[in-house]
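The structure displayed is predicted, hence computed values, not measured ones.
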2 protein chains.
Amino acid sequence: MNDIMEKLKDKLKEKGYKLTPQRRATLDTIINNQGKHLSTEEIYDMVKTECPEIGLATVYRTLQLLDELDIITKINFDDGCSRYELNNHEDNHQHHHLICVKCGEVIEVEVDLLETLEEEIEKNYDFKIHDHKVKFFGYCSNCK
Amino acid sequence: MNDIMEKLKDKLKEKGYKLTPQRRATLDTIINNQGKHLSTEEIYDMVKTECPEIGLATVYRTLQLLDELDIITKINFDDGCSRYELNNHEDNHQHHHLICVKCGEVIEVEVDLLETLEEEIEKNYDFKIHDHKVKFFGYCSNCK
DNA sequence: AATTTAATTGATAAGGTATTTCAGTTAATA
DNA sequence: TATTAACTGAAATACCTTATCAATTAAATT
Ligand SMILES: [Mn+2]
Ligand SMILES: [Mn+2]
Ligand SMILES: [Zn+2]
Ligand SMILES: [Zn+2]
């Protein structure tokens, strides 16, 4: 059992929840597809190969649970469905996304560079920031 | 007729579209409620006082059209519906939003401070940025 | 290893937002 | 005023997501 699965087990136990085969298989699918920003239906289809009897409602419930437990993050690319990605457990903030408005490609940006802006905001707006979601829209190298 | 309505009329004419009372009333409602981030249903309810015979489908269609014409912007606060706000016509980028995770208050931040980050991204990722959407989550002055 | 029990599941119904359809209406141009 | 393509409202439809519920199961307790 890997680190992330171990962490899931602990967090579930803490709340009196159970580690079921369905939850294992769902998290496994997300772990094995990092960087792909899979939708619920896409995850459902992939999980079924490992766990054919799983129902769609269970996948919805599991993703909601993993999000609550801070293991994954829900992302919205305005394409009509929710997508999910594994959280980075070293630091606790979401990376940025570059979205090509022509071909739809999504590129991940790990450099943060928001420190100055966040300090400015905390000072000027008396607002305590604990997370952010940043999307840039434009043209990727193939499309510009 | 104010500047924004004039701009709408021009853009519609350019595409062979018509300036109808329903479109006028919808845009008027948005103009008269700046900073409120109204949802489609909320706009529908307010428009009805001025234009009681309007249908919900027309409001959906009009908001979609105003978005396409770059007069308003659709925003997503993950509360299950689309919200809209009037575009700033001086510069062409979206201001930032601070969202209080406790009380839900939304604060607008006009300072941009993303120049350095955007330059860095354009250089390192060979990506031509033309817009961004930035949300900060945390605690407002009342809630922290 | 068997018992207990609250959590979990899959199937399906139901909910909620958004879009499509279509016949009747209307803004804009000549 | 006549013409016509665009537009509208009402209702049906589509689609993603959540709720319901009886059957099952993980995990703690004997
Ligand atoms: Mn990502
Ligand atoms: Mn705003
Ligand atoms: Zn591209
Ligand atoms: Zn607050």
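A tilted orientation is assigned to the rings of B:His96 and B:His132, their planes being inclined by 30° to 60°.
The distance between atom CG of A:Leu19 and atom P of D:dT25, rounded to the nearest whole Å, is 16 Å. Straight-line distance from the CG atom of B:Leu63 to the P atom of C:dT19: 10 Å, rounded to whole Å. At whole-Å resolution of the value, OH in B:Tyr84 and C1' in C:dT17 are 11 Å apart. Rounded to whole Å, atom P of D:dC7 lies 12 Å from atom CG of B:Leu66. Taking atom CG of B:Asp78 as the reference point, atom P of C:dG16 lies 19 Å away to the nearest angstrom. In this structure, B:Glu53 atom CD and D:dC7 atom P are separated by 17 Å, rounded to whole Å. Atom C1' of nucleotide C:dG10 and atom OH of A:Tyr44 are separated by 9 Å, given to the nearest angstrom. Residue A:Ile43 contributes atom CD1, which lies 14 Å from atom P of D:dC16 at whole-angstrom precision.
Closest to the side chain of B:Arg61, out of D:dA26, C:dG10, D:dT8, is D:dT8. Set against C:dA18, D:dC16, C:dT26, the side chain of B:Thr40 has C:dA18 as its closest nucleotide. In this structure, of D:dT8, D:dT17, D:dA27, it is D:dT8 that holds the atom nearest to the side chain of B:Thr20. Across D:dC7, D:dT17, C:dT19, the shortest atom-to-atom separation from the side chain of B:Arg23 is found for D:dC7. Looking at the side chain of B:Ser82, the nearest of the listed nucleotides D:dT17, D:dA27, C:dA18 is C:dA18. The side chain of B:Lys18 sits closest to D:dA5 out of D:dC16, D:dA5, C:dG10.
Residue B:Lys144 places its NZ atom among more than 12 non-hydrogen atoms of other residues, nucleotides or ligands, all under 6.0 Å distant. A 6.0 Å sphere centred on CZ of B:Phe77 holds more than 12 heavy atoms belonging to other residues, nucleotides or ligands. Atom NZ of A:Lys9 has 12 or fewer heavy atoms from other residues, nucleotides or ligands within 6.0 Å.
For D:dT18, the OP1/OP2 oxygens have no side-chain nitrogen or oxygen of A:Tyr60 closer than 4.0 Å. Neither OP1 nor OP2 of C:dT8 sits under 4.0 Å from any side-chain N or O of A:Gln22. In this model, the phosphate group of D:dT18 is approached by a side-chain N or O of A:Gln64 to a distance below 4.0 Å at OP1 or OP2.
Residue-to-nucleotide proximity on DNA chain C shows that, of B:Ala57 and B:Lys13, the 5′-proximal contact is made by B:Ala57. Nearest-nucleotide positions on DNA chain C for A:Leu12 and B:Leu56 put A:Leu12 closer to the 5' end.
Heavy atoms of A:Glu41 sit nowhere under 4.0 angstrom from any nucleic acid atom. A:Tyr17 comes within contact range of the sugar-phosphate backbone alone, with a heavy-atom separation under 4.0 Å but no base atom that close. Among the atoms of the strands shown, only primed sugar atoms or phosphate atoms (P, OP1, OP2) are found under 4.0 Å from some heavy atom of A:Ile54.
Side chain of B:Glu108 to main chain of B:His95: no donor-acceptor pair is present (N/O by atom type, distance under 3.5 Å, no hydrogens or angles).
At a cut-off of 3.5 Å, with distance as the only test, a side-chain donor of B:Gln94 or B:Glu85 sits close to an acceptor on the other residue. For the residue pair A:His37/A:Glu42, the side-chain donor-acceptor check at 3.5 Å is not satisfied.
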Show your working on side chain to side chain contact (heavy atoms under 4.5 Å, CB included) between B:Lys74 and B:Arg83 and close with a plain yes or no.
CA-CA 6 Å; B:Lys74 187 197 278 198; B:Arg83 297 179 175 275; over 6 Å; no

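Two end axes, each from the C1' atoms of five base pairs, can be drawn for the helix from C:dA1-D:dT30 to C:dA30-D:dT1; they diverge by 40°, to 10 degrees.
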